[in-house]
**Student:** 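Dropping a structure here in structure tokens format, bear with me for questions.
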Amino acid sequence: MSSLFPSLYDLAMQPLEKRKFQRIRREILTMACGRVLEIGAGTGINFPLYQKADRVDAIEPNQAMIEKSLSRKNVASVPILIHQQSAEELEFADNTFDSAVATLVFCTIPNPEQALAEIKRVCKPQAKILFFEHVKMEQPALAFAQEALNPLWKRICDGCHLNRDTPQAIRDSGMKITNVTPFYKGLFLVVECENPDAGR
């Protein structure tokens, strides 16, 4: 990730955040309780919105993003611990977390299948796992446009993929999807999941 991207990220996202995303994030985070894992915390935009968590362990691989998040960490109403590590190699024991959250991050994770496997591993059976992601659209013409734009988009936006089928990857991981809420004609989805019991 370029050193410039963390500085521009919040500015670029501000119009969407003010219009709708902050409300979506707030609603998702009301479902996150107990000890919570946040994947790809970035600049900490979720930190002030947690209300029901006992503690949040936020992972973020990029040091510049972590530094940008500290001011939000300091005003959060719940304890937040930031860990510099990748989603594909979580340094937590099995069955640690009561909930997990990932917001607008699975577009950039290099190996999303491995990250999903790690989230499953570190979450307790029946833990609530919550995603808010932009995904490949179902409408064929729009999906084609996403495919065409993806190579340039990845270069401009530090590895962000426009064309990932994250819901299918979640199904393939073995997580149980309990609810899907679309926004912006299906470009963005909130996917609510439950971690399966061990052995399923």
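We number each residue from 1, following the sequence as shown.
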**Student:** Is it true that Lys128 and Glu194 have a side-chain N and a carboxylate O under 4.0 angstrom from each other?
**Tutor:**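 No.
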**Student:** Tell me which one of Ile129, Leu130, Val180 satisfies side chain to side chain contact (heavy atoms under 4.5 Å, CB included) with Val191.
**Tutor:**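 Of the listed residues Ile129, Leu130, Val180, the side chain to side chain contact (heavy atoms under 4.5 Å, CB included) partner of Val191 is Val180.
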**Student:** Going by heavy atoms in the side chains, are Ile109 and Glu88 under 4.5 Å from each other?
**Tutor:**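 Heavy-atom side-chain distance check passes, below 4.5 Å.
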**Student:** Is the closest side-chain heavy-atom distance between Leu116 and Phe106 below 4.5 Å?
**Tutor:**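 Sidechains of Phe106 and Leu116: in contact.
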**Student:** Are any non-hydrogen side-chain atoms of Ile66 and Asn62 less than 4.5 angstrom apart?
**Tutor:**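 Side-chain contact under 4.5 Å: no.
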**Student:** Look at the side chain of Thr96 and the backbone N and O of Lys124, then say whether any donor-acceptor pair between them is shorter than 3.5 Å.
**Tutor:**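 A pair under 3.5 Å: no.
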**Student:** Charged N to carboxylate O under 4.0 angstrom, Asp54 versus Arg35?
**Tutor:**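 A salt bridge is absent here (no side-chain N lies under 4.0 Å from a carboxylate O).
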**Student:** Apply side chain to side chain contact (heavy atoms under 4.5 Å, CB included) to the pair Ile170 and Asp172, showing each step before the final yes or no.
**Tutor:** CA-CA 5 Å; Ile170 292 169; Asp172 291 344; over 6 Å; no
**Student:** Taking atom CZ of Phe132 and atom OG1 of Thr166, what is their separation to the nearest 0.5 Å?
**Tutor:**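 Atom-to-atom, Phe132:CZ and Thr166:OG1 are 12.5 Å apart.
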**Student:** Between the main-chain N or O of Thr103 and the side-chain N or O of Arg25, is there a donor-acceptor pair closer than 3.5 Å?
**Tutor:**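 No: the side chain of Arg25 does not pair with the backbone of Thr103.
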**Student:** When you compare the side chain of Phe97 with that of Arg55, does any pair of heavy atoms fall below 4.5 Å?
**Tutor:**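 No, their side chains stay 4.5 Å or more apart.
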**Student:** Between the side chains of Asn46 and Glu38, does any donor sit under 3.5 Å from an acceptor?
**Tutor:**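 Yes, side-chain donor-acceptor contact under 3.5 Å.
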**Student:** Answer yes or no: is there a side-chain heavy-atom contact under 4.5 Å between Val101 and Leu29?
**Tutor:**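 In contact.
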**Student:** Using modelled atom types only, decide if a donor and an acceptor are shared between the side chain of Glu113 and the backbone of Ser173 within a distance under 3.5 Å.
**Tutor:**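 Side chain of Glu113 to backbone of Ser173, a donor-acceptor pair under 3.5 Å: no, none is there.
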**Student:** When you compare the side chain of Thr43 with that of Arg72, does any pair of heavy atoms fall below 4.5 Å?
**Tutor:**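 Sidechains of Thr43 and Arg72: in contact.
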**Student:** Please examine the side chains of Asn179 and Thr181, heavy atoms only from C-beta on, and report whether any two atoms are closer than 4.5 Å.
**Tutor:**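 Thr181 reaches Asn179 side chain to side chain.
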**Student:** Between Asp57 and Phe92, does the side chain to side chain contact (heavy atoms under 4.5 Å, CB included) criterion hold? Intermediate values first, please.
**Tutor:** CA-CA 10 Å; Asp57 288 270; Phe92 302 103; 4.0 Å; yes
**Student:** If we ignore hydrogens and angles and just use 3.5 Å, is the side chain of Ser99 paired with the main-chain N or O of Val36 as donor and acceptor?
**Tutor:**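 Such a contact is absent between Ser99 side chain and Val36 backbone.
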**Student:** When you measure from the side chain of Gln85 to the backbone N and O of Glu91, does any donor-acceptor pair fall under 3.5 Å?
**Tutor:**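 Yes.
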**Student:** If you measure from NZ on Lys73 to CZ on Phe47, what distance do you get to the nearest 0.5 Å?
**Tutor:**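 Answer rounded to 0.5 Å: 8.5 Å.
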**Student:** State, to 0.1 Å, how close Cys123 and Asn95 come at their nearest heavy-atom pair, and which atoms those are.
**Tutor:**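 Shortest heavy-atom separation between Cys123 and Asn95 comes out as O-OD1, 3.5 Å.
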**Student:** What heavy-atom pair brings Ala127 and Asp98 nearest, and what distance separates the two atoms?
**Tutor:**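 Shortest heavy-atom contact: CB-O, 3.3 Å.
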**Student:** To the nearest 0.5 angstrom, please state how far the CG atom of Leu90 sits from the CD1 atom of Ile39.
**Tutor:**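 Leu90 atom CG to Ile39 atom CD1 measures 5.0 Å (nearest 0.5 Å).
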**Student:** Measure the CG-CD distance between Asn111 and Glu89 for me, rounded to the nearest 0.5 Å.
**Tutor:**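 Between Asn111 CG and Glu89 CD, I get 10.0 Å after rounding to 0.5 Å.
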**Student:** Less than 4.5 Å apart, side chain to side chain, heavy atoms only: is that true for Asn195 and Gln126?
**Tutor:**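 Counting from C-beta outward, Asn195 and Gln126 never come under 4.5 Å.
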**Student:** Looking only at non-hydrogen atoms, find the nearest pair between Gly44 and Ser69 and report the distance.
**Tutor:**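 That would be N-CB, 3.6 Å.
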**Student:** Using modelled atom types only, decide if a donor and an acceptor are shared between the side chain of Gln84 and the backbone of Pro61 within a distance under 3.5 Å.
**Tutor:**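 Yes; at least one donor-acceptor contact below 3.5 Å.
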**Student:** Taking all heavy atoms of Arg121 and all of Ala93, pick out the closest pair and write down the distance.
**Tutor:**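 Closest heavy-atom pair between Arg121 and Ala93: NH1-C, 3.8 Å.
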**Student:** At what distance, to the nearest 0.5 angstrom, does CD1 of Ile59 lie from CG of Leu81?
**Tutor:**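 It is 13.5 Å, given to the nearest 0.5 Å.
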**Student:** Using a 3.5 Å distance criterion without hydrogens, assess whether the side chain of Glu118 forms a donor-acceptor pair with backbone atoms of Ala87.
**Tutor:**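 Not a single qualifying donor-acceptor pair exists.
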**Student:** Would you please indicate yes or no on a ring centroid separation below 6.0 angstrom for Phe21 and Phe183?
**Tutor:**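 Ring centres of Phe21 and Phe183 not closer than 6.0 Å.
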**Student:** CZ/Arg171 to SG/Cys193 distance, rounded to the nearest 0.5 angstrom?
**Tutor:**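 Answer rounded to 0.5 Å: 9.0 Å.
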**Student:** Apply side chain to side chain contact (heavy atoms under 4.5 Å, CB included) to Ile24 and Phe188, showing your working.
**Tutor:** CA-CA 11 Å; Ile24 294 170; Phe188 294 88; over 6 Å; no
